[in-house]
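Notes for the one structure printed next.
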Amino acid sequence: MATKARENHREDVAGRANVEDTPELLAYYDELERLEAGALWTVANKIEPWAPKSSSVPVLWRYEDLRAHVLRSVELVSPEKAGRRVIYLNNPGRRDHAAAVGWLYSGLQVMHPGEVASAHAHSASALRFIMEGEGAYTIVDGHKMTLGANDFVLTPNGTWHEHGVSSDGTPCIWQDGLDIPLVNMLEANFYVVHPDLQQSVGYPVNDMTHTWGNPGLRPAGAEWSKGYSPLLKYEWAPTYEALQRYGKATDGSPYDGILMNYVNPVTGGPVMQTIGASMQMLRPGESTRAHRHTGSFIYQVAKGSGHSIIDGKRFDWKERDIFCVPSWAWHEHVNASASEDACLFTFNDLPVMHALGLYREEAFGDNGGRQPLVA
Ligand SMILES: [Fe+2]
Ligand SMILES: [Fe+2]
């Protein structure tokens, strides 16, 4: 019987699979396939790479290219019909998973004044980073938070949440970030629409920020044991001030400049169990050294302009642009301005990498720590 061509990932390296195809083996593989089985040595070198091989590619999404399309969705679909009116970022290597990079999803959502999205809950953890507009708010488990540009807000796994823009506001655009692809890959995703479609506000507006958002101070007697930060909103002004203050006390990281993680104030750990986030400041003229690490990263330029080199390719960015760094990709950042700082917001799956013991990091040793550009 004729045998069909099949994959065989051979490597001529001691300790790696290297079995040549023979008519007898090919017939044997066919018999195994009929039993829903296979010979590991034909695929071992593929499924056990020497180092992580991301199928994601580095991408820069220019806000000036996307913004008009995001606004146009307001004319094309209602939030009632669409559920959420979002243009999502679709990495060419991750289209099967609707992922922006790795196992992370991201999109740009728009709402007009007076619009309210229906309340819902899901197993995926979510965040929002506000890009423009006034009057946006989010309600999480009865806690209402008002939002302005560069504010960062959490809608963690399992919480009831809804978004809206007050009727005296302006059209608002924000970036959503979720671990939907990860939770789907783990086959653990549930989604529930709130039985009343909206939830009532049960606390004073911004109460969680007022309670938990005071530097170095924790309210006496306050308890919190959930797996995510009780400080559901991280405002831009104190975040930027913190970067400037920290910058007076440190030379910063050679790879990231002045970088501070958003944390759960109770544990000091990441804001949510699966997603971490940080804000970094590149000082005027700063040019970082390249490194790489496991974990997938999505950046949004919160302030300033410059460029990043990712796996040897240069990506020029300015305020509101979004770009991704796939796992184990070399990356370095440059602030283009000699007088102004530049700030990059990032969210990532580092909590997953750390929790599973999978975090690894490596400096780019050659060329003074700077990558040569590839054509
Ligand atoms: Fe949601
Ligand atoms: Fe990095």
Side-chain angles (χ1 to χ4, degrees), residues 52 54 58 79 82-86 88 98 101-102 105-107 109 111 116-129 136-141 145 153-164 174-180 183-184 189-194 197-199 228 232 252-261 272 274-282 286-299 308-311 315 323-334 344-350 353-354 359-364 369-371:
S54 182
R84 287 154 296 175
R85 204 162 39 208
V86 180
Y88 71 97
V101 64
Y105 160 97
S106 190
Q109 183 159 178
M111 287 187 93
V116 187
S118 52
H120 60 273
H122 37 67
S123 311
S125 293
L127 61 86
R128 308 166 68 192
F129 190 77
Y137 65 86
T138 287
I139 307 171
V140 176
D141 280 346
M145 290 159 279
V153 65
L154 312 178
T155 53
N157 166 1
T159 57
W160 291 117
H161 58 279
E162 67 202 80
H163 310 305
W174 60 82
Q175 181 183 12
D176 290 327
L178 293 98
D179 57 6
I180 291 170
V183 179
N184 285 341
N189 210 356
F190 291 90
Y191 190 101
V192 196
V193 175
H194 194 283
L197 284 183
Q198 313 288 257
Q199 58 179 320
Y228 52 85
L232 297 168
S253 153
Y255 310 109
D256 284 306
I258 307 296
L259 184 142
M260 297 185 92
N261 295 318
M272 295 186 282
T274 50
I275 302 180
S278 55
M279 182 70 79
Q280 71 192 91
M281 180 171 76
L282 303 169
E286 182 157 14
S287 161
T288 70
R289 288 167 186 272
H291 73 164
R292 64 179 175 183
H293 40 71
T294 50
S296 300
F297 285 67
I298 298 175
Y299 290 81
S308 297
I309 298 171
I310 307 166
D311 273 348
F315 295 87
F323 61 94
C324 69
V325 174
S327 186
W328 209 238
W330 295 112
H331 54 283
E332 64 197 81
H333 310 294
V334 178
L344 302 175
F345 167 77
T346 317
F347 69 95
N348 56 64
D349 57 5
L350 280 185
M353 294 296 141
H354 287 299
Y359 185 74
R360 282 245 225 147
E361 184 177 351
E362 189 175 280
F364 190 83
R370 268 82 183 186
Q371 304 164 73

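First listed ligand is number 1; within each ligand, the first listed atom is number 1. Computation of the quantities below employed the complete heavy-atom set of this structure, encompassing side-chain atoms and omitting hydrogens, waters and symmetry-equivalent molecules. None of the values given here were measured: they were computed from a predicted structure.
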- [ ] Give every protein N, O or S atom lying under 2.8 Å from the Fe ion (ligand 2), naming each by residue and atom.
- [x] His291 NE2, His293 NE2, His331 NE2
Open item on the list: Do Ser123 and Val183 have side chains that approach each other closer than 4.5 Å (heavy atoms only, starting at C-beta)?
Closed with: yes
Task: The single option from Tyr299, Phe315, Tyr255 passing ring pair (Phe, Tyr, Trp, His ring centres under 6.0 Å) against His333 - done: Tyr299
Task: Side chain Glu162, main chain Gln199, donor-acceptor under 3.5 Å - done: yes
Open item on the list: Contact between Leu127 and Ile275 at the side-chain level, heavy atoms closer than 4.5 Å - yes or no?
Closed with: yes
Task: Results of side chain to side chain contact (heavy atoms under 4.5 Å, CB included) for Thr294 - residues two or more places apart only - done: Pro52, Ser327, Trp328, Met353, Tyr359, Arg360
TODO: Please work out whether the ring planes of Phe345 and Phe129 are parallel, tilted or perpendicular, with thresholds of 30° and 60°.
DONE: parallel
- [ ] Only counting residues at least two apart or in another chain, list the ones meeting side chain to side chain contact (heavy atoms under 4.5 Å, CB included) with Arg85.
- [x] Ser73, Val74, Val77, Pro79, Val110, Glu115
Open item on the list: Inside 2.8 Å of the Fe ion (ligand 1) but strictly below it, how many protein N/O/S atoms are present?
Closed with: 3
- [ ] Rounded to the nearest 0.5 Å, what's the gap from CD on Gln371 to CD1 on Ile310? Could you check?
- [x] 8.5 Å
TODO: Could you tell me whether the side chain of Asp349 and the main chain of Ser296 form a donor-acceptor pair under 3.5 Å?
DONE: yes
